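Okay, structure first, notes after.
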Amino acid sequence: MATVLTTAIDVCFNPQNSDTKKHSLFLKPSLLRQSRTRKLNISCSSLKQPKTLEEEPITTKTPSLSEQLKPLSATTLRQEQTQILSKPKSVWVNPTRPKRSVLSLQRQKRSAYSYNPQIKDLRAFAQKLNSCNFTEKSEFLSLLDEIPHPPDRDNALLVLNSLREWQKTHTFFNWVKSKNLFPMETIFYNVSMKSLRFGRQFQLIEEMALEMVKDGVELDNITYSTIITCAKRCNLYDKAIEWFERMYKTGLMPDEVTYSAILDVYSKLRKVEEVLSLYERAVATGWKPDAIAFSVLGKMFGEAGDYDGIRYVLQEMESMDVKPNVVVYNTLLEAMGRAGKPGLARSLFNEMLEAGLTPNEKTLTALVKIYGKARWAKDALQLWEEMKAKKWPMDFILYNTLLNMCADIGLEEEAERLFNDMKESVQCKPDNFSYTAMLNIYGSGGKAEKAMKLFEEMLEAGVQVNVMGCTCLVQCLGKAKRIDDLVYVFDLSIQRGVKPDDRLCGCLLSVMALCESSEDAEKVMACLERANRKLVTFVNLIVDEKTEFETVKEEFKLVINATQVEARRPFCNCLIDICRGKKRHERAHELLYLGTLFGLYPGLHNKTIKEWSLDVRSLSVGAAETALEEWMRTLANIIKRQEDLPELFLAQTGTGTHRFSQGLANSFALHLQQLSAPFRQSDRAGIFVATKEDLVSWLESKFPPLVTSQA
DNA sequence: ATAGGGTTAG
């Protein structure tokens, strides 16, 4: 039975079984300069599955590079932009007319802070304002009149700087301004805007900026960078760019702080080309970027999963002799993880240690996550030992990341130790995600008893159950055939506010496929009915022999279309398993056909001149068997039509790198044996091979050619 | 959080 236990849930919800190869979405930076003259499309949308089902695959159109560059080239950087787009760097430039600079190499100077003899009184006053409740503005205003010293320039500035909530800062600013004791200088606006930024009050910030323009108060680099970063934090990227361009128009040159803020804006917009163009322009006019600018670039390439870009950042830093700090290392480590380079992340981490830097919580979180996802148990454990030995800083997020890593790798005892550490700590008490990680570990390890105990503990502690925890438990209890417990957990979770999602439904569906008694199946069905009534209706429809194919096709389309993209294939896998369990083999074939038709199984068949292969790594046991049968039928027809076949045939089940998700290879092997198919285990695990000769003779015995067709 | 830019989970 153990082999059957690997259901669609294991197969499809564990990413290592699907093709997760990431493609570099970006050209090597060395190629960038040449390629800019061409129209480039650097969007990753073509790698995503379409959200809506159509029989024809959809290719999403994205704006071409020239279109993407238009807003910038048409406005701020008009003259310069066209030049950099068309001319390589080596072209001789007239030295009497050097390129116009895009940023000021001098940072904005700050006014010196002068000592205020009233500091004690004023601080105490500010504290009082901070602790008062700002529900009634009039109450706050009456408190302001109790200011111990007259609100002249220096006193007002000190109080303004000490206020926390943006409402209070804003009110205080207006109060001071209305007194007309002195003209409001730029610094008053800047301090207030910073506070408003904490409250993400972009609209108010913009109002203040326009007020400055109206009153003739100078906007400096600090003002602009505050406006830009506030817009950025409020996801108002258009506004950020608008104010950046406005700055140029008023004749003010950004310094490196404002400049790297705007680089980050373009980076968040995923406008990689613009970022690099701005970066190179600035460097060409003498800017030596600092660590923060490189961190922005590194993050951008990390988000694109672009390894070449990350390497480019490292090279640039080296050639400009800028030493990465901890934040830059953190960003680049994370980026390496996203680019799927755990080994390079490890080297980078070692380099960081050799440079004498001490990793912080974020460094370790990034690395633990990378090792966990890569299932590098040895490195993960070694890092953990090192963390403890060197007493590197730990925080709540790191604890939970370590727990998730244990779940990824299957380290039950270590997770239990960590979990107990958390319980005993003061700062890092387990939250619902810590519990969920533990449920995941017990669930995937088949420890139904421990999982149930933890669930009870969770309920007693009043920890919120989430949908993932519920899903882990349902899966575990389903495998253990503890259907009554499953129903209990499901009921309680719903009562506690869990909203079932498609993964949970897929999990219930896979348990249904496993149920041996119809009594159990009905219990699970009743749960599923509460989560997704239409799915249950569809199950009843497909197991009914009388249902016509066209009806199945229409309903399939509706059901799958209403399902989240990542749960579509698991649904289809489970539906096929259910049909096979009820001996509706033809229906299973129809479902596999429909799944293929709607793009749920890309890359199932692969052909080269030498070999044809069937890749069932992302299929459930039943779906894999159905796919094999379908393949054999197709090959038999090809033989009948006497068409060419390659020398070698290959079926790939994969082995599942997760120690909990094996079993497809075993059950597939068993199925081959039952069919007495001539596929043999190859030297490479999870691959079955047959020669043309063996396969043809076997197929001819299975599907003998019709006598009449020979006549 | 004491006038401006960059890094952490599910």
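It should be emphasised that the depicted structure is a prediction, and the values quoted were computed from it without experimental measurement. Each chain gets a letter, A, B and so on, in the order the sequences are listed, and its residues count up from 1.
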### Message
Measure CG/A:Leu364 against C1'/B:dT7 and give the value in whole Å, please.
### Response
13 Å
### Query
Which part of the nucleic acid does A:Val326 contact within heavy-atom distance under 4.0 Å: base, sugar-phosphate only, or nothing?
nothing
### Task
Taking all heavy atoms of A:Ala407 and all of A:Ala437, pick out the closest pair and write down the distance.
CB-O, 4.2 Å
### Query
With a 4.0 Å cut-off on heavy atoms, is A:Val327 in touch with a base, just the backbone sugar-phosphate, or nothing at all?
base
#### Entry: A:Lys120 NZ - B:dT2 P separation (whole Å)
22 Å
### Whole-Å distance separating the CG atom of A:Asp395 from the P atom of B:dT8
13 Å
### Message
My understanding is that only residues two or more places apart in sequence, or in another chain, count here; which of them pass salt bridge (Lys or Arg N to Asp or Glu O under 4.0 Å) with A:Lys429?
### Response
none
## Note on the structure
Winner on side-chain proximity to A:Ala261, out of B:dG5, B:dT8, B:dG6, is B:dG5
### Summary
Closest non-hydrogen contact found for A:Ala231 with A:Ala240 is CB-N, 3.7 Å
### Query
When you check the phosphate oxygens OP1 and OP2 of B:dG5, does a side-chain N or O of A:Arg233 lie under 4.0 Å from one of them?
yes
### Query
How close or far is atom P of B:dA3 from atom CD1 of A:Ile222, stated in whole angstroms?
9 Å
### Query
B:dG6 and B:dT2: how far apart are their P atoms, nearest whole angstrom?
14 Å
### Message
Is there, by distance only and without an angle test, a donor paired with an acceptor across the side chain of A:Thr226 and the base of B:dA3 below 3.5 Å?
### Response
no
### Query
Nearest of B:dA3, B:dT7, B:dG5 to any side-chain atom of A:Asn190?
B:dA3
### Query
B:dG6 C1' sits how many Å from A:Met300 CE, rounded?
13 Å
### Summary
Here the distance between atom P of B:dG6 and atom CG of A:Asn330, to the nearest Å, is 15 Å
### Summary
Hits for salt bridge (Lys or Arg N to Asp or Glu O under 4.0 Å) against A:Lys391, two or more places apart or cross-chain, chain-then-number order -> none
### Task
Tell me, please, which residues at least two apart from A:Asp255 pass side-chain hydrogen bond (donor to acceptor under 3.5 Å, both in side chains).
A:Thr258
### Task
Hey, could you give me each pair passing salt bridge (charged side-chain N to carboxylate O under 4.0 Å, His left out) that has a residue in residues 340-364 of chain A? Not counting sequence neighbours.
A:Arg346-A:Asp379
### Query
What is the nucleic acid contact for A:Lys373, judged by heavy atoms within less than 4.0 Å: base, sugar-phosphate only, or nothing?
nothing
### Query
Does B:dG6 have OP1 or OP2 sitting under 4.0 Å from an N or O in the side chain of A:Lys232?
yes
### Contact under 4.0 Å: A:Lys299 side-chain N or O vs B:dT8 OP1/OP2
yes
## Note on the structure
Testing B:dG5, B:dT8, B:dG6 for proximity to the side chain of A:Glu256, the answer is B:dG5
## Note on the structure
Across all chains, not counting sequence neighbours, the salt bridge (Lys or Arg N to Asp or Glu O under 4.0 Å) partners of A:Lys388 are A:Glu385
#### Entry: A:Arg197 CZ - B:dG6 P separation (whole Å)
7 Å
### Task
Could you tell me whether the side chain of A:Asn400 has a donor or acceptor atom within less than 3.5 Å of a complementary atom in the base of B:dA9?
yes
### Query
Atom CD of A:Glu303 to atom C1' of B:dT8: distance rounded to whole Å?
13 Å
### Task
Please measure how far the P atom in B:dT7 lies from the corresponding atom in B:dA1, and state the result in whole Å.
15 Å
### Task
Looking at every strand, decide which applies to A:Thr258 at a 4.0 Å heavy-atom threshold: base, sugar-phosphate, or nothing.
base
### Message
Can you say whether a donor on the side chain of A:Asp255 sits under 3.5 Å from an acceptor on the base of B:dG5, or the other way round?
### Response
no
#### Entry: Sugar-phosphate, base or nothing in reach of A:Asp290, heavy atoms under 4.0 Å
base
### Task
Report the residues that fulfil ring-ring contact (aromatic ring centres under 6.0 Å, His included) with A:Phe419, sequence neighbours left out, ordered by chain and then residue number.
A:Tyr435
### Query
Considering residues at least two apart in sequence or located in another chain, which fulfil the ring-ring contact (aromatic ring centres under 6.0 Å, His included) criterion with A:Phe125?
none
### Task
May I ask you to check whether A:Asn235 and A:Tyr237 show a side-chain donor-acceptor distance below 3.5 Å?
yes
### Message
The side chain of A:Phe198 is closest to which nucleotide in this list: B:dG5, B:dA9, B:dA1?
### Response
B:dA1
### Message
Please classify the nucleic acid contact of A:Ser111 as base, sugar-phosphate, or nothing, using heavy-atom distances under 4.0 Å.
### Response
base
### Query
If you measure only the distance, is there a donor-acceptor pair under 3.5 Å linking the side chains of A:Asn466 and A:Thr436?
yes
### Message
Mind checking if A:Arg107 touches a base, just sugar-phosphate, or nothing, with heavy atoms under 4.0 Å?
### Response
base
### Task
Would you jot down, in residue-number order, the residues of residues 122-131 of chain A having a non-hydrogen atom under 4.0 Å from DNA chain B?
A:Arg123
### Message
So if I take residues 152-169 of chain A and measure heavy-atom distances to DNA chain B, which residues fall below 4.0 Å?
### Response
A:Asn161, A:Ser162, A:Arg164
